[in-house]
Amino acid sequence: MSQDIILPPIVLTLAGADPTSGAGIQADILTLASMGCHPLSVITAITVQDTRGVQDFMVIDDEWVLDQARAVLEDMPVAAFKVGMIGSIDNAVAIAELVADYPDIPLIYDPVLASGAGDELSREDMIHVLRDVLLPQVTVLTPNSIEARRLAANDADDEEELTVADCAKRLTRLGCDYVFITGTHEPSRDVENRLYDLGGEIRVDTWPRLNGSFHGSGCTLAAAIAGLVARGLAVPEAVKEAQDYTWQALRYGFRPGMGQFIPDRLFWANDDAGDDDADKEQDANV
């Protein structure tokens, strides 16, 4: 084999395993591959779930998480990190220590605090640790507005009162280079997604609101940003392109089980895309 073959951008994703492949590390792998990247995967937790919700999960020991990551990092050049479900305080500390050894690699963090069906996946004590050790190292943080308020709240009393802009200001002051807050859960006609840095709002993108509920939209969006950043796009451009990709994946999503729809990350490869898929009844939101 020729040694002159150009490598695809390599992205290391650390996340929980979802047997439905709707969310979690399987969603990251599908998304990154569709971006033309080579995904490396480190499993932080094993879940028992279907498209209706999470029944249980088992966190992987932090030493195992580190061993998985260091084995591939010492073998292959990684262009970006993507972090999803962390699972425990020990894992949060371990991942923070890991990425600190690679300060030049962009870190895209999707703070998975609950499943798409509302199942709690992160306790408040873990959120405090995330604020202290991981957020200061994040290149792009991608919370929805509910997650942004939980991460930014100084205490439970002000969680409901914070505006999206207030959240972004607090989170960038914690050290995040960019905070990209999605507006699916806000009471607006269309979905308004907003990107901030320490100087304030950079861009607002508005998308038609799709009906219902999707499993894995946040994972898809964050993984797409990671893939595009790994391919060399600047963060604002990567955020814009990733939104378009995610909205199309939701638009052409499918319902394989009895619960939520799953994004079609390979919608562009479907010969029937664009025929009648846009008019079918779905339950979806960016």
Side-chain angles (χ1 to χ4, degrees), residues 9 11 35 78-84 86 92 95-96 99-100 102-113 127-155 157-207 217-247 286:
V11 178
M35 294 275 132
V78 169
F81 290 119
K82 187 270 179 181
V83 175
I86 291 175
I95 291 170
V99 298
Y102 300 88
D104 295 330
I105 298 179
L107 168 60
I108 289 74
Y109 176 37
D110 174 27
V112 181
L113 307 183
I127 290 174
H128 290 299
V129 172
L130 293 173
R131 287 163 52 94
D132 291 340
V133 302
L134 190 59
L135 296 194
Q137 303 186 70
V138 168
T139 307
V140 187
L141 182 70
T142 65
N144 60 42
S145 57
I146 294 174
E147 292 165 336
R149 289 185 174 100
R150 287 188 66 187
L151 287 169
N154 290 328
D155 54 59
D157 293 336
D158 74 358
E159 184 173 329
E160 298 262 339
E161 301 170 7
L162 290 174
T163 66
V164 167
D166 288 335
C167 292
K169 182 181 294 186
R170 291 188 183 185
L171 294 169
T172 53
R173 286 178 176 174
L174 287 174
C176 300
D177 292 337
Y178 295 90
V179 176
F180 179 54
I181 302 178
T182 57
T184 300
H185 299 285
E186 296 298 286
S188 55
R189 177 180 174 182
D190 294 323
V191 175
E192 295 180 351
N193 301 328
R194 300 175 183 272
L195 179 66
Y196 300 85
D197 66 6
L198 193 57
E201 188 175 271
I202 296 176
R203 65 178 303 137
V204 181
D205 295 294
T206 302
W207 300 89
S217 57
C219 303
T220 304
L221 179 61
I225 294 172
L228 290 163
V229 168
R231 296 194 66 86
L233 272 66
V235 168
E237 185 181 358
V239 164
K240 175 63 172 67
E241 294 298 322
Q243 288 177 84
D244 181 67
Y245 169 84
T246 303
W247 192 85
V286 173

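A quick note: this is a predicted structure, and the numbers were derived from the prediction, not measured. Hydrogens, waters and symmetry mates are skipped; everything else that's a heavy atom, side chains included, is used.
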- Rounded to the nearest 0.5 Å, the CG atom of L195 sits from the CD1 atom of I202 at a distance of 4.5 Å
- Item | Nearest atoms (heavy-atom pairs only) where A92 meets V133 | O-CG2, 4.1 Å
- Query: Just by distance, do the side chain of S188 and the backbone of V191 share a donor-acceptor pair under 3.5 Å?
  - Reply: no
- For Y109, which of L135, T139, I95 qualifies under side-chain contact (heavy atoms from CB on, under 4.5 Å)? L135
- Query: Heavy-atom distance under 4.5 Å between the side chains of I127 and L113, does that happen here?
  - Reply: yes
- Query: Does R203 CZ have over 12 foreign heavy atoms under 6.0 Å away?
  - Reply: yes
- Item | NZ/NE/NH1/NH2 to OD/OE distance under 4.0 Å, E186 and R149 | yes
- Does any N or O in the side chain of Q137 come within less than 3.5 Å of the main-chain N or O of A100, such that one atom is a donor and the other an acceptor? yes
- Message: Can you tell me how far apart OG (S145) and CG (L162) are? Round to the nearest 0.5 Å.
- Response: 11.5 Å
- Please walk me through it: do D197 and D177 pass side chain to side chain contact (heavy atoms under 4.5 Å, CB included)? CA-CA 6 Å; D197 66 6; D177 292 337; over 6 Å; no
- For residues P136 and D132, report the shortest heavy-atom separation together with the two atoms involved. CG-O, 3.6 Å
- Less than 4.5 Å apart, any side-chain heavy atom of L151 and any of P111? yes
- Where D110 and A222 come nearest, the two heavy atoms and their spacing: CB-CB, 3.6 Å
- Query: Could you state the interatomic distance from CZ (R131) to SG (C176), rounded to the nearest 0.5 Å?
  - Reply: 10.5 Å
- Query: If we only count heavy atoms from C-beta on, is the V138 to V99 side-chain gap below 4.5 Å?
  - Reply: no
- Report yes if the side chains of T142 and I225 come closer than 4.5 Å at any heavy-atom pair, otherwise no. yes
- Could you pull out the closest heavy-atom pair between I105 and A80, with the gap in Å? CG2-CA, 3.6 Å
- Message: Any heavy-atom pair between the side chains of L141 and Y178 that's under 4.5 Å?
- Response: no
- Message: Would you say that K240 contacts D205 through its side chain, given a criterion of any heavy-atom pair below 4.5 Å between the two side chains?
- Response: yes
- Message: When you compare the side chain of V112 with that of I86, does any pair of heavy atoms fall below 4.5 Å?
- Response: no
- Task: Give the minimum heavy-atom separation between V11 and A230, together with the two atoms involved.
- Result: CG2-CB, 3.6 Å
- Non-hydrogen atoms of A152 and C167 that approach each other most closely: CB-CA, 3.8 Å
- Query: Is a donor on one side and an acceptor on the other found under 3.5 Å between the side chain of E147 and the backbone of N144?
  - Reply: yes
- Item | Point-to-point distance, once rounded to the nearest 0.5 Å, from CH2 of W207 to CD of Q243 | 5.5 Å
- Item | Pairwise side-chain contact, L221 with Y245, heavy-atom cut-off 4.5 Å (strictly under) | no
- Item | Donor-acceptor pair, side chain of E237 and main chain of L233, under 3.5 angstrom | no
- In Å and rounded to the nearest 0.5 Å, what is the NE2 to CG distance from H128 to L130? 10.5 Å
- Can you tell me how far CD1 of I181 sits from CD of E201, rounded to the nearest 0.5 angstrom? 10.0 Å
